[in-house]
Each structure stands twice: as structure tokens, then as C-alpha cells.
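Quantities reported herein were computed from a predicted structural model and do not represent experimental measurements. Order of the sequence lines sets the chain letters (A, B, ...), proteins ahead of strands, with each chain counted from 1.
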Amino acid sequence: MSSGLGKTYEPKDVEKRLYDFWESNGFFESNADHSEEAYTVVMPPPNITGRLHMGHALDNILQDILIRFKRMKGYNVLWVPGTDHASIATEAKIVQQMRKEGIKKEDIGREGFLKRAWEWKEKYGGFISDQVRKIGCSCDWTHERFTMDEGCNKAVSEFFVRLYEKGLIHRGERVINWCPKCLTSISDSEVNFDEKQGHFWYVKYKMYDSDEFVVVATTRPETIPGDTALAVHPEDDRFKHLIGKKVLLPIMDKEIPIIADEYIKMDFGTGVLKVTPAHSPNDFEIGLRHNLPIINIMDENAVLNDQAGKYKGLSRDEAREKIVSDLEELGSLIKTEDIKHNVGCCYRCSSAIEPRVSAQWFVKMEPLAKPAIDCVKRGDVKFIPERFSKIYYHWMENVKDWCISRQLWWGHRIPAWYCGDCGEITVSKEVPRECFKCKSENISQDEDVLDTWFSSALWPFSVLGWPDKTDELEYFFPTDTLVTGYDIIFFWVAKMIFSSLEMTGKIPFKNVFIHGIVRDSQGRKMSKSLGNGIDPIEIIEKYGADALRFALATGNSPGNDMRFSDEKVLSSRNFANKIWNAARFIHMNINGENIKNEVPAKLSDVDKWIISRFNKVTLEVTENIEKFELGLALQKLYDFIWDEFCDWYIEFSKINICDNPENSAENKQVLVWIMSNTLKLLHPFMPFITEEIWQSFPQSEKSAVVSKYPEYTDNFNFKDSENIVDRMIEIIKSIRNRRSEMNVPQNKKTSIYIDLLDGCLNFKEYENMIKKLSYSDNLQFGNNFNIKNCAVILTNFAKIYIPLNQLIDKESELKRMNKELEDAKKYLESSKLKLRNEEFMSKAPENVINNVKNTVSELENKIIKIEKELENLIKNS
RNA sequence: GGACGUUUAGCUCAGCUGGUAGAGCAUUCGCUUGACGUGCGAAAAGUCAGCGGUUCAAGUCCGUUAACGUCCACCA
């Protein structure tokens, strides 16, 4: 950029060019050269299902801030990007796409389908990397990975086989969550419970050998054909005499036993439970305890099968209707009650889950959970904010076995082969030629694929080469920080922790930095069905990536949700423009001169003031980022740049450069130096604009990306100068304030007389600055001015007179002064009260007491002055 | 049924280890000031949800209540 450029920052002109520059220079690349301490982040791989949404943008931006910061801090930084095959989600998308073409999965077969899926992956995976680049993420593309690439496949097999050999993976028949629409099993984490309106049907079950009957309350009469017992509590006096006897299963004309089990709650429903082992996890357990038959009455589409007798062929909803009416006809239905109850639904398609017994693969969780809990308890893995560790514990401590097989095609095929002869299972990393037991070659691989989280669980180390012992694994692992949303703690974070401990013996990451979700301006979750989603790429095209980044990072506090609104982006864009123009101003003034980008030897108080302030901001921002308080850090940079640098230092400089054109070299040098270094501080947050401007000034480094992050130094603490300039600002502000209160327009200049009460301060050097910035055409310093008809401002160190002649309204001035007096007296009283309080005096720390003492003496002075001025005012009127 | 979060200016939210509350947007007034009107200067605006406690001192720590929100569990 140069001074000849436009008044506004145009992100479109720079973003693509700079990203290419960074990437082609290899600034983001890293290797295990052991040069410096490593800092590693693996990107939570976005699903290849489509475009990135605002949540991804937030997640990636937070990572990029940390990564760029650490890189500039001198770490050997590795940020691994990648995408997730997202088994079920992607498969559903492809099926949906195929449906539009009138094709079914079965039409093209497994191979044909996988071919299509890989084409999908190429296309959408590419979109996503492209979008990640647009956001400005400085990840190492030479390390880009995919959860189904060769290395990850190898890791998945290794993981599966090792767990299997250890007895932690097994295949078995259990009641699992079956989605009749996705046609696959899903894990417990993938079931959402939605409250739905339903009914309690009270059904009569007649005793087999008497006219006595019991009543069962059920929400699912369609499962009656699968009932294999009724159960009551063993201590329930109402039913004790019936235990062991048989009842007639209505509509099926079948006898089933009444059993006793402690699981039954006497005070719930009628106290009698119909046991349907094939269609309820709890009933399945009861069935196991009592050796009950397990009758699966539904097929994969949740349509009733042969076992349901005459109800065969009906969907579960049709069957419910039919069975209820049949029961009614038989007189077995006693009453129907409306109830609200929670129904498990598929997290993807929202259809009601059908608990269904089937053969699936499971990971035994208990032995894995314990070390995973311990490593967080020990603090090896830290959650930020800390409260999320509680959620993690709760889940880990109650975790059930993990169902990992899915009846899908897109994903990692289960590395297990069944022998057609002896029926044994061969589990192997390599494709086996024969059954390990009977050596038969008549073997076939399991048709199912693995849960998508099975491969994501390995992500932090599979991307570094595991299971091979690579240099990268040695050097970059464990990774440092995982950045992710709280909505994914169970799905992913927990699984990575136990998998890593089990496979590598190490934690996967030291910190888990949790952020909230991005909501719309009304606080609603962004969703497709609501149509309130905002596309981050559209925002970038309209306002620039830096504006998007600023909007998402500012005011963001760990773990909390945030709202996204146009106003926020707009003010972010304005901030970018502000910086742009500050730079334009500097360029206009240095006007091609060869300015050294360093702190000059000779400094004015104003120079020292801004350097000192910059130094403090550097310290605070660094500390904030290290504590993951990114929103706070950014806020401080914003305030520093806008309020201190632009509104004051640049304004001071204008006057100085104008007054001493031949003597302003140092001033220009400070402008360039502060600007350059502030841009560095800001670079992790707004990489494009900072780089663009930074490069326009003389630099010894090639790019802000690889420049050294500024550091706090004691050499730049100029307390005295800070004090002087702060007071100067106070004087200017108080004059502006008073003028404004009296409705003096800015284009009307006034005289100003300043009586400095504090001998050690000499503002004369800055006379012109004060004069111009307080809209005055005549400024005088002196003592004991005697000026009539003027507004008087009293500060702790100065008495300022503004003659306003005809403008001054004595009435309002009197009123104002009286109020000022009153306020001061009030404040004085409360301060004095403190000093009289013995406990305060004995217990409060000395500096607090001194502060109060100072306040008291200042206030006392002020009150005397105000009273005197009041007297003058009255005398003169 | 458990757990957690939020409650601060009209709106959206900051406020770290306790020391008389801040920003952005909106509002009002004034400004073609030599980078920026995507700007400059100024103003108004808060019983920090209620109650109780600890403390010399509470927005901040503890307890409790309420409203809203989230997660977990789930009984047929």
C-alpha cells in the first residue's frame, strides 16, 4: 500500500494475494526438525458433507489466533488441517442426491456407491479446504489429512485389532438403537430425547387359569406380539400371589409367565411391566436374568414381521392403531390416558429410534474410562473453562459400551472375516487369506462399517503417523490445544482421550479450549430448517475475512454462546478501515522518506507516553492470549489502537509535524514503529490487513506471519511522561467537555487561561497541542488570572478559565457548580467515613488507605476552589 | 429427577486474583479539524435479578429464591 491508495480498505484486493504469498513461501509449513519447542494443534476435521458454517469459522479462527501467536512467539508450530469422511452424514447426503436422480443405493451396488462417495469427497473436501483458506487459517497444507486416507485406515485397523486382542471389542446380540430411516444402528450419544405427546394404554392381561386379570400400562401396544413375560416387583403385595403363574397375551392367544424382578417400580403405572426383550434395552436385561425368549417382531424398516402373526406387514404406526382397536374390540382396553413422554430420536433424521435386538460390535468402555478420568483429575488434560471437566466426568463415569458397527457402506469396513465353514471370526490388520482356526479360504468380510467417531478418536496421533513410530509423533505429540465446541465433548473429546491413552500411552492434548455455539442475532441456533444460518464465506466476500474474524473473536468468552449480527461485522469492518486510514496518514507524512523502523534515541513525553502504553498493552495482550482470553486481548488492542494511538497520538503528531516540519523525524519514526508493532500484536486476530499494512513499512522480516511477536520490556516504562500526557489529555478533555455543555460549537474558537497549580508540571512545551485540541485560538499559562464572565474548570492540578462573555449563562453555571460542589462533598463524606473507621484503618492494605487519603485531600482542595469560584460568580453578577 | 450456565446502560455483551462499574450499537447535541462521515468531539443512561451471609470493603466470594437457557438421565 502507499499513500496514493483509496480511503477505504478493500479486503478483496489483498486477501487472495496475501494467502498465496504466505502459502507459497512455506510460512505455515513445519517439520520435526527439533529446532524449537513444538506447538501442535490438530484441526477438528469438518465433515465433507458440504460447506463450512459459522461454527466452523469460529472454531478455526480461534485456532488460528493461537497458532499465529505461538508461531510469532518462536515455537515450531504445526497445525494439521483435514476433513472427516463422516460416514453416516455423508452417506445420507449422497443417498439424497441419488434419490433426486431416481437411483437407489442398491441399484449401483457397494462398489458403485463408493466410487460416487469418493467423487463427492474430492469435490466437497476441496470446497472446504478452500473455505478454510479464505478464513485465513495458517495451517500446514502439506500435512493435510483425511480420516479415510491410507494412514488413517492403517490406524483404524491397528486400533480395532489391538482392542479386539485385548478383549475390549466383541461382537454380540444386544438391543441397540436402530434408525429405521437411516437403516443403521447408532450409538447412545447419537440418540436425542424429544418430548412428545403420547398415550398410556391400560391393557388387561387375563390369567391363563382363572378369570382374574392384571392391568398393564403401556406406551407401545404395537410391541405386544413381542412380549414374553409380565414382570412385577417381588415385594408387591398386590401381585405376589401371581408370581410364577401364566397370563394370556391378548391378541396373540399365547401364554406368558409372570415373573418377579426388582427393576419394576411399584408406584409407576400399574406396577406391572410387559417385558419385550427384543425391543427395549431394560427388558432385554430382564429377559437375560430370567431366560426369557427374545422375539424380534420388526424388520429393519420397523415393519412387523412373521413373528407378529396377523400384524405382519404393518408399519409400527399402523400396527399400533390396529392393535389398539383390536384390544378395544376384545374388551381388553380399559382406558387411554394422554401423557407427555420422551421419545428417543435419531440425531440425524429425527425419526423415532426403534430399540431392536441385533448383532453388533461393541467396545467395552469401563476399563478405558478409568484412566481417561484420571488424566483429567490429575490435570494432565485441562478443560478451559474448567467447568466442562465436570460434564466430562459425569459422562465418563456412566458410560455404557460403545456400539461401533454401522449398517452403512461409506466408512471404514470392519476388519473381521467370518468363516463359512467353522463360523469363527478372524480379525486382522491385513486382509486374511484363510480362517485363522480351520484354515478354510471360505471367508467373507463383515459387511458393516465403523462409527465415524471410531476414526476421529485417533485423529491427534493418526495424523502424525501412528501406529508407526515417526519423528513427527515423537516431536509433535502430545498436541497442545484442542479447540472445539461443547456440543462435541462426548462424541469426540472423550473418545480421543481414552483412545490415545490406550494406544499411545500418552494424553492426546494438554488443553481443551471449549467455545460455545454461534447463534443468530435473536439468540436462536442457526439451522437449516429455520433458514437463519449465515454463511461465513458470504460475510467474507462482503466485509472481508478480518472483519469476520474480529466479529467472532471479540467479546467471545470461553464456553459461552455468542450472537452474530450484521452490526457486529459492520463495526469490525469499520475497525479495519480505521487501521487502514491510520496507516494512510503515516504514509502521507513520511512521504517516501526512508524512515528507520526503530525507537529513536530522542523522545518527547508524548512519544514516551505512547511507547509506554504500547508496552503495557503488549504485556496484557500476551497474558490474555496465554490464558485463552482471546476476546479480552482483542478488546484491549481495539481500545489501544482506536483511543490511544489514533485519537491521541496521531492527533498530537499532526500538530507536532505541522509545527516542526524539519524537526519531526523522531515523531515519524515512532509512528512507524508503534504502527508496525501494533500490527504484529493484532496480526493473529486480523492477519490480512495487518500483513498488508505492515509490509508497506520498512521491515527487517519478510512477513508479519513469521515476525517476532513484541515483548514487554522494562526499558519502555516511562512513568513520568505517562503522567504528564495523561494530565494533558485530562485538561483537553475537560475543556472540550465544558464547551460542549455550554453549547459552544467546535468552529467557534475561544481563549483559554490555564493556571497550573502543580509546579513540577510544565505544559508550556505542549501549548500548541492543548490549544488546537481544545479548539482555542489563544492559550496562556499564568497565575492568579482575574477574568470575568468565564467558565472555570477545576482539576486536581489546574484551574482553567474559558472566557465566554455573552455565551455564558450564569444561572446554569451556578446550578452546575452547585451540583459539582454537592457531589464533591458527598464523595468527601464517604471517604472520610472510611478513614474514621478503625477496622478499615487497621485491616485494609496500605495502598488502599493511601488512595483514600489522597482522594480526601484532593476533594478538600477542590471544594475550597469551587466555593471560591462560586463566590466570584455571585459577586460578578 | 440430576448437573451446569445466564441474569450488568434501550439492545448485544465485557468486567482476571474483592477496593464507588466499561465497550460496541442505538439515542441526543455539536463538527466539511490537513488518515478515516466506515469519521471527529461531547452527553444522557445502571439499586450489577431478589433475599441472606462472609468481609473494613461484594457486580466479584458463600448460601438461597426466581426467570430464562443448555446438557445428562429416563419409568414401562
Side-chain angles (χ1 to χ4, degrees), chain A residues 3 7-9 193 200 216-220 223 231 263-265 267-276 280 282-283 341-342 344 385 387-388 390-391 394-395 398 486-487 489-490 516-517 521 523 543 547 554-557 559-563 565-568 570-589 620 623-624 627 629 631-632 635 638-639 642-643 646-647 650-651 654-655 657-658 732-733 736-741 743-748 772-775 827 830-831 834 837-845 847-849 851-852 855:
Chain A
S3 55
K7 281 186 175 184
T8 50
Y9 170 60
F193 285 91
F200 240 157
V216 176
T218 178
T219 53
R220 301 205 60 200
T223 63
Y263 170 80
I264 282 75
K265 295 202 167 65
D267 52 1
F268 191 83
T270 59
V272 187
L273 170 71
K274 67 191 242 341
V275 185
T276 323
S280 151
N282 292 321
D283 292 10
H341 64 153
N342 292 326
R387 67 181 134 93
F388 287 100
K390 221 173 169 177
I391 295 177
H394 184 253
W395 187 79
N398 296 290
Y486 57 70
D487 48 336
I489 293 176
F490 311 133
I517 56 175
S521 59
Y543 302 103
T554 189
N556 181 290
S557 63
N560 289 346
D561 290 353
M562 61 180 311
R563 295 186 194 206
S565 62
D566 278 352
E567 293 82 62
K568 230 178 214 172
L570 218 60
S571 64
S572 306
R573 191 271 317 258
N574 293 353
F575 178 54
N577 194 53
K578 185 74 183 176
I579 303 168
W580 180 258
N581 275 290
R584 237 161 54 98
F585 168 80
I586 299 172
H587 275 295
M588 280 169 104
N589 281 286
E620 289 175 16
E623 283 178 355
N624 284 139
K627 288 194 280 185
E629 294 162 350
L632 274 183
Q635 188 62 49
Y638 179 94
D639 291 343
W642 204 309
D643 299 343
C646 290
D647 289 347
I650 286 185
E651 293 307 318
K654 277 181 189 170
I655 295 156
I657 291 170
C658 177
I732 293 166
K733 280 191 154 178
R736 286 172 175 174
N737 172 321
R738 183 62 56 84
R739 286 173 50 105
S740 205
E741 268 180 8
N743 293 319
V744 185
Q746 267 154 41
N747 49 6
K748 176 154 180 68
K772 291 209 169 144
L773 294 178
S774 55
Y775 321 112
Y827 196 5
S830 80
S831 299
K834 275 188 189 168
N837 184 336
E838 274 174 38
E839 280 185 298
F840 173 76
M841 295 304 283
S842 60
K843 285 176 183 166
N847 67 316
V848 174
I849 294 178
N851 280 347
V852 178
T855 309

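For Y638(A), the ring-ring contact (aromatic ring centres under 6.0 Å, His included) partners two or more places apart in sequence, or in a different chain, are F550(A), F575(A), W642(A). Scanning for ring-ring contact (aromatic ring centres under 6.0 Å, His included) contacts around Y827(A) gives an empty result, with sequence neighbours left out. For I657(A), the side-chain contact (heavy atoms from CB on, under 4.5 Å) test picks out N589(A), S653(A), S664(A), N667(A), K668(A), L671(A), with sequence neighbours left out. Evaluation of the side-chain contact (heavy atoms from CB on, under 4.5 Å) rule for A547(A) yields Y543(A), V569(A), S572(A), R573(A) as partners, not counting sequence neighbours. Shown here are the side-chain contact (heavy atoms from CB on, under 4.5 Å) partners of D639(A), two or more places apart in sequence or in another chain: Q635(A), D643(A). Residues that satisfy the side-chain contact (heavy atoms from CB on, under 4.5 Å) test with N837(A), not counting sequence neighbours, are E839(A), F840(A). Scored by the salt bridge (charged side-chain N to carboxylate O under 4.0 Å, His left out) test, E838(A) finds no partners at all (sequence neighbours excluded).
Counting any heavy atom pair closer than 4.0 Å across all strands shown, D487(A) reaches no nucleic acid atom. Residue contacts shown for T270(A) are absent, as no nucleic acid heavy atom lies under 4.0 Å away.
When the P atom is compared between C4(B) and C75(B), the two are found 24 Å apart, to the nearest whole Å. Across the P atoms, G5(B) and C29(B) are found 44 Å apart, a figure rounded to whole Å. A gap of 37 Å separates the P atoms of G22(B) and A3(B), to the nearest Å. A57(B) sits 36 Å from G2(B) when the P atoms are compared, rounded to a whole Å. On the P atoms, A9(B) is 31 Å away from C56(B), given to the nearest whole Å. If you take atom C1' in G63(B) and the same atom in A23(B), they sit 33 Å apart, rounded to whole Å. Comparing the C1' positions of A26(B) and A45(B) gives an interatomic distance of 12 Å, to the nearest angstrom. Using atom P as the reference point in both G1(B) and C48(B), the two lie 33 Å apart (nearest Å).
Positionally, the nearest nucleotide of RNA chain B for M562(A) lies more toward the 5' end than for the other of M562(A) and C646(A).
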Practice task
Report the C-alpha distance between K568(A) and T554(A) in whole Å, list the side-chain angles of each, state the deciding distance to 0.1 Å, and finish with yes or no for side chain to side chain donor-acceptor pair (under 3.5 Å).
Solution key: CA-CA 9 Å; K568(A) 230 178 214 172; T554(A) 189; over 6 Å; no
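N560(A) and Y486(A) share no donor-acceptor pair across their side chains, judged by distance under 3.5 Å alone.
Nucleotides of RNA chain B with any atom under 4.0 Å from a heavy atom of chain A span, from 5' to 3', A3(B) to A76(B).
Helical stems involving RNA chain B, defined as 3 or more consecutive Watson-Crick or G-U pairs under 3.5 Å, span B:1-7 with B:66-72, B:10-13 with B:22-25, B:27-31 with B:39-43, B:49-53 with B:61-65.
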